[in-house]
Amino acid sequence: MPGSVVVHAAVFTAGALLGGGVAAAIANRRSQLALPPPPHTPQVPTKQVPVMDVDVRGRIKVAEPSPLPVAHEVLRYGNPGPIVDPLVRKAYVAAYDRRLRHPAWTAEHLTSASLGRSSLSGPMDPSETGDRSRSNFIEDHAVPSMFRARLQDYFRSGYDRGHMVPAADAKFSQEAMDETFLLTNIAPQVGDGFNRHYWAYLEDWCRRLTGSFQDVFVFTVPLYLPKQEANGKWIVTHEVIGTPPNVSVPTHFAKVVLATRPSSPSAPHIPEVSTGAFVLPNAIISDSAPLESFVMPVEAVERASGLTLFSEEVKSNSKHICKTTQCQVTVRRFDDAQKNARKAITAPKS
């Protein structure tokens, strides 16, 4: 029996024995315990505030999420959740799913300046830019230990450590790039044919949007979608990697984009808004597959993920991004270019 399993079994046994003694002690002292007063019960919000909305002047704004009701008399001893860890980084924000051990979603704001492609700001100072070869995958100590994804989970798992926010989107500083290598920004992805190929082409397409749009917002959402079996039933099945099993493997990944640019030279303050959602299976995808074959309604991604990304006003007044720009990936063998620099998944140090 592995040592970790022995330790867990010993702790569980000791906890059970101690638990019986504690329960008896509490029963004897119950009359002496002073129960905390019931907390104030806040008003339950009637709806979730969308992430992206439009203000009174027609400008895109990022809305604050509605506070969840956490105080109630029945929760006087604590609220069990569910809890996602909000993570604010230099290049992105994210919500980490403690149950699945990967992000529930990530969001980033791309501009030509943030990517070092602006003719106005000039090229980035090489001494101040991020260098991928200096970054390493690391566990995120911002998350409680028992809910963390671990380096050893990916060792010999057969999956890549797939970035939800790509390192190439955070070249403006070494710290920003390093933060994309935190395991709270990572999910298991099929390597050859997906993470190293078609998924990388889609990430590159998102960056190239900054050449046509002033602001580009990108949401990446891991999904667990059902598949119809031979008996007609729809079933969700997915792998869990790690020993013991710890990190869930999504069946699909979504990229949802919202891009804006001035609607006309005479009204630069009024944005033209374009949106689009692409859902890709976590599987080998042919380089020849057209990007538009993965288009899905934004509402479908919201329904599958339980998220509200855009307000109804944004959805009803935006154009589909494939109508305002070319939805076509550029096939570049990123893995061949980075073959010598790619970090292999080595055994974690004990």
Side-chain angles (χ1 to χ4, degrees), residues 51 62 64-65 68 80-110 114 130 132 134-155 157 159-191 194-195 199-200 202-203 206 217-224 238-256 282 301 305-307 309 343 345-346 348-349:
V51 174
V62 180
E64 293 295 328
L68 294 177
I83 292 175
V84 293
D85 295 279
L87 305 170
V88 180
R89 309 300 189 194
K90 298 291 184 183
Y92 64 95
V93 296
Y96 178 76
D97 191 314
R98 294 183 173 187
R99 181 174 63 93
L100 302 174
R101 268 67 162 188
H102 62 60
W105 55 265
T106 63
E108 49 183 325
H109 177 200
L110 303 178
S114 73
R132 186 187 181 101
R134 295 167 56 191
S135 298
N136 294 292
F137 290 98
I138 56 175
E139 297 174 9
D140 194 341
H141 291 271
V143 174
S145 177
M146 69 183 296
F147 301 121
R148 285 180 203 153
R150 312 228 175 241
L151 292 171
Q152 66 187 20
D153 295 329
Y154 287 86
F155 181 58
S157 68
Y159 291 94
D160 279 6
R161 294 168 292 197
H163 286 71
M164 299 297 94
V165 174
D169 292 1
K171 289 183 176 180
F172 56 85
S173 77
Q174 188 63 47
E175 182 182 2
M177 181 164 287
D178 288 347
E179 288 179 341
T180 68
F181 283 81
L182 290 165
L183 291 190
T184 44
N185 180 48
I186 303 298
Q189 290 186 323
V190 169
F194 186 68
N195 177 52
W199 184 253
L202 178 56
E203 292 172 334
C206 291
F217 298 90
V218 182
F219 298 86
T220 304
V221 185
L223 295 172
Y224 293 82
H238 65 89
E239 191 174 346
V240 182
I241 61 173
T243 305
N246 193 44
V247 180
S248 296
V249 181
T251 64
H252 294 73
F253 290 92
K255 285 282 188 189
V256 183
N282 189 8
V301 176
S305 62
L307 303 174
L309 298 172
K343 294 181 174 65
I345 301 181
T346 56
K349 297 179 181 179

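Keep in mind the model is a prediction, meaning the values are calculated, not measured.
- Considering only residues two or more places apart in sequence or on other chains, Thr184 meets the side chain to side chain donor-acceptor pair (under 3.5 Å) condition with Asp140.
- Ring geometry for Phe137 against His163 counts as tilted: the plane angle lies between 30° and 60°, on a 0 to 90° scale.
- In this structure, the separation between CG on Asn136 and CZ on Phe181 is 8.0 Å, given to the nearest 0.5 Å.
- Interatomic distance, OG of Ser114 versus NZ of Lys90, reported as 15.0 Å (0.5 Å rounding).
- Ala167 and Met177 get closest at one heavy-atom pair: O-CE, 3.3 Å.
- Nearest heavy atoms, Ile186 versus Thr180: CD1-O, 3.9 Å.
- Under 3.5 Å, the side chains of Asp178 and Ser135 contain a donor-acceptor pair of N or O atoms.
- Distance check, rounded to the nearest 0.5 Å: CD of Gln174 to CD of Glu179 gives 11.0 Å.
- Between His109 and Phe217, the ring planes lie parallel to each other; the angle is under 30°, not in the 30° to 60° tilted range.
- In this structure, Asn185 contributes its side chain and Val165 its backbone to a donor-acceptor pair below 3.5 Å.
- Of the inter-residue distances, the one linking Met164 atom CE with Phe219 atom CZ reads 15.5 Å to the nearest 0.5 angstrom.
- For the salt bridge (Lys or Arg N to Asp or Glu O under 4.0 Å) test with Asp85, the passing option among Arg101, Arg98, Arg148 is Arg98; the others fail.
- Here His252 pairs with nothing under the ring pair (Phe, Tyr, Trp, His ring centres under 6.0 Å) rule; sequence neighbours left out.
- Atoms CD and CG, on Glu203 and Asp169 in that order, are 7.0 Å from each other to the nearest 0.5 Å.
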